[in-house]
Enquirer: 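My structure is below; once you've seen it, I'll send some questions.
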Amino acid sequence: MELGIGMFGDLQVNAKGEVQPAQQRLQEIIEEIKLMDEVGLDFYGIGEHHRPDYAVSTPEIILAAASTVTKNIKLGSAVSVLSSSDPVKLYQSFATIDLISNGRAELMAGRGSFIESFPLFGYNLQDYDELYEEKLELLLKINKEQKISWKGKFRPELANQEILPRAVDNNLKIWVAIGGTPESVERAGRLGLPVIFAIIGGNPASFKPLFDYYKKVYQAYGHDMAKFEVGVHMHSFFGENSAETAEYYYPLYSSQMDRVGRSRGWPPYQKNQFDFGRSKDGALIIGDANEAIDKILAMKAMFGLTRFSAHMDVGGPSHSAMMKSIELFGTKIAPKVREALK
């Protein structure tokens with residue numbers, strides 16, 4: 001099982017409501033990815049957002065910068081909002097990162113957790129499903145064929161066009177991110193694409209039927225089980241002391257949940273939600289190394305994971321706290337998880 005970190009590039013917000021400058025956060029992120037590589041984590045993913053509380057609108061630029069200061073870690077988006085992107089340009093950007101990094105680039109396609117990119121790039125939300133379907137089809141075609149002819153509804157036709165540069169070995173690793181709809185699961189299984197499920201609330205066990213369904217569809221369409229890959233993305237944060245870590249992190253986490261919740265009609269985030277999330281049956285992995293090891297291994301046993309992604313910057317923890325969490329993940333948690341799985 002691969003172990004890595006996902007981020008959205010959350011900006012820190014102080015008690016006065018002042019937002020951290022994006023320039024500072026972007027430079028911190030590069031330092032954090034460099035440390036992930038040094039402590040031996042397997043992959044890093046960064047999300048695409050177009051909001052004032054996030055620093056990163058173009059994952060590919062962060063990944064290109066990170067590729068020059070790292071040696072081994074895989075570098076991907078988490079996610080690229082495919083519905084409002086041009087698959088041609090997206091493929092070219094990630095193929096370029098793949099070449100710079102010697103084959104370490106990954107593209108994770110998703111619908112995105114927010115909708116700001118639709119009006120920003122001139123797309124209609126009423127076309128939400130059709131846009132994703134068509135653009136995923138085109139992206140996969142580009143990945144398979146250097147010269148393509150293609151016609152769709154939302155993008156100008158391509159007539160015998162050569163898409164360059166090409167990824168290493170002429171194959172870019174493409175994942176799809178899924179929030180939990182059976183239609184998305186069926187599509188990923190039918191296409192034989194690796195999947196990462198976002199489990200950010202409730203009891204993770206409730207997702208088990210979707211994992212089983214994905215595997216069933218994947219096998220039904222004759223895909224090679226030797227290439228079967230499935231992962232989870234879960235809100236995570238690690239410290240030396242469980243209670244102190246939770247006490248530090250709760251105000252940051254709850255503030256971000258409320259910032260997002262105000263635009264979605266959610267009630268205010270409560271401490272009992274946080275406490276349940278940290279419990280054995282909850283979806284938060286927030287605490288000390290031993291708690292994290294136990295819960296990650298439980299997710300592996302429950303879902304048959306090949307990848308675990310710790311979403312670690314929710315709410316904008318300080319750079320020093322992030323560096324400590326990354327260090328603990330790489331030096332204390334990951335080795336014990338790997339040892340247990342031998």
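Numbers here simply count residues along the sequence, with the first being 1. Everything numeric in this text was worked out from a predicted model, so none of it was measured.
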Enquirer: May I ask you to test the Lys74-Glu2 pair for a side-chain heavy-atom distance under 4.5 Å?
Expert: yes

Enquirer: Do any pairs count as a side-chain hydrogen bond (donor to acceptor under 3.5 Å, both in side chains) and have a residue in residues 185-207, sequence neighbours left out, and if so which ones?
Expert: Glu133-Arg187, Glu186-Arg190

Enquirer: Restricting to non-hydrogen atoms, name the atom on Ile62 and the atom on Ile30 that form the minimum distance, rounded to 0.1 Å.
Expert: O-CD1, 3.9 Å

Enquirer: As an exercise, state the distance from CZ of Phe43 to CE of Met108, rounded to the nearest 0.5 Å.
Expert: 7.0 Å

Enquirer: List the residues meeting ring-ring contact (aromatic ring centres under 6.0 Å, His included) with Phe238, not counting sequence neighbours, and say none if there are none.
Expert: Phe329

Enquirer: Could you go step by step and tell me if Val195 and Tyr218 meet the side chain to side chain contact (heavy atoms under 4.5 Å, CB included) rule?
Expert: CA-CA 11 Å; Val195 163; Tyr218 185 96; over 6 Å; no

Enquirer: Parallel, tilted or perpendicular: which describes the rings of Phe303 and Phe211, with under 30° parallel and over 60° perpendicular?
Expert: parallel

Enquirer: Please identify which of these residues, Gln12, Gln23, Met323, Met322, meets the side-chain contact (heavy atoms from CB on, under 4.5 Å) condition with Glu28.
Expert: Gln12

Enquirer: Going by side-chain hydrogen bond (donor to acceptor under 3.5 Å, both in side chains), name the pairs with one or both residues in residues 288-303, residues two or more places apart or in two chains.
Expert: Ser242-Glu291

Enquirer: Determine whether the aromatic ring centres of Tyr214 and Phe228 lie less than 6.0 Å apart.
Expert: yes

Enquirer: Would you indicate whether the side-chain heavy atoms of Asp53 and Val19 approach each other to under 4.5 Å?
Expert: no

Enquirer: Dump the intermediate steps for side-chain hydrogen bond (donor to acceptor under 3.5 Å, both in side chains) on Glu137 and Trp150, then the final yes or no.
Expert: CA-CA 10 Å; Glu137 175 195 301; Trp150 175 91; 3.2 Å; yes

Enquirer: Given Asp212, which of Lys208, Lys216, Lys215 fulfils the side-chain hydrogen bond (donor to acceptor under 3.5 Å, both in side chains) condition?
Expert: Lys208

Enquirer: For a salt bridge (Lys or Arg N to Asp or Glu O under 4.0 Å) check, start with the C-alpha distance between Asp129 and Arg111, then their side-chain angles and the critical distance, and finish with the verdict.
Expert: CA-CA 9 Å; Asp129 291 320; Arg111 300 169 186 272; 3.0 Å; yes

Enquirer: Applying side-chain hydrogen bond (donor to acceptor under 3.5 Å, both in side chains) to Glu32 and His319, what does each step give before you reach the verdict?
Expert: CA-CA 8 Å; Glu32 289 162 9; His319 177 49; 2.8 Å; yes

Enquirer: For the residue pair Phe207 and Met302, establish whether any side-chain heavy-atom pair is separated by less than 4.5 Å.
Expert: no

Enquirer: So, for Tyr132 and Val176, which heavy atoms are closest and what is the spacing to 0.1 Å?
Expert: OH-CG1, 3.8 Å

Enquirer: Output, in order, the C-alpha distance, side-chain angles, deciding distance and verdict of side chain to side chain contact (heavy atoms under 4.5 Å, CB included) for Gln256 and Val260.
Expert: CA-CA 6 Å; Gln256 178 64 349; Val260 173; 4.1 Å; yes

Enquirer: Kindly say whether the aromatic ring centers of Phe154 and Tyr123 come within a distance under 6.0 Å.
Expert: no

Enquirer: In terms of heavy-atom contacts, does CG of Leu140 have more than 12 from other residues, nucleotides or ligands at under 6.0 Å?
Expert: yes

Enquirer: Working note: Ile29 + Val56, criterion side chain to side chain contact (heavy atoms under 4.5 Å, CB included); need CA distance, chi angles, decisive distance, verdict.
Expert: CA-CA 10 Å; Ile29 287 171; Val56 179; 4.1 Å; yes

Enquirer: Could you check whether atom CD of Glu162 has more than 12 heavy atoms from other residues, nucleotides or ligands sitting under 6.0 Å from it?
Expert: yes

Enquirer: Looking at Asp42, Leu75, Thr70, Val69, which hits side-chain contact (heavy atoms from CB on, under 4.5 Å) with Asp37?
Expert: Thr70

Enquirer: Take Lys153 and Glu130 through the salt bridge (Lys or Arg N to Asp or Glu O under 4.0 Å) test and state the conclusion after the steps.
Expert: CA-CA 9 Å; Lys153 180 178 176 182; Glu130 279 188 286; 3.3 Å; yes

Enquirer: Side chains of Phe94 and Ser77: closer than 4.5 Å at any heavy-atom pair?
Expert: yes

Enquirer: Stepwise, does the side chain to side chain contact (heavy atoms under 4.5 Å, CB included) test hold for Val314 with Ile200?
Expert: CA-CA 11 Å; Val314 181; Ile200 59 174; over 6 Å; no

Enquirer: So Tyr269 and Tyr253, would you call those rings parallel, tilted or perpendicular, with 30° and 60° as cut-offs?
Expert: perpendicular

Enquirer: Is Asp10 paired with Arg25 through a side-chain N to carboxylate O contact shorter than 4.0 Å?
Expert: no

Enquirer: Could you tell me which non-hydrogen atom of Ser101 sits nearest to which non-hydrogen atom of Ser67, and how far apart they are?
Expert: CB-CB, 3.7 Å

Enquirer: Under 4.0 Å between a side-chain nitrogen and a carboxylate oxygen: does that hold for Asp275 and Lys271?
Expert: yes

Enquirer: In terms of the angle between their ring planes, are Phe8 and His311 parallel, tilted or perpendicular, with boundaries placed at 30° and 60°?
Expert: tilted

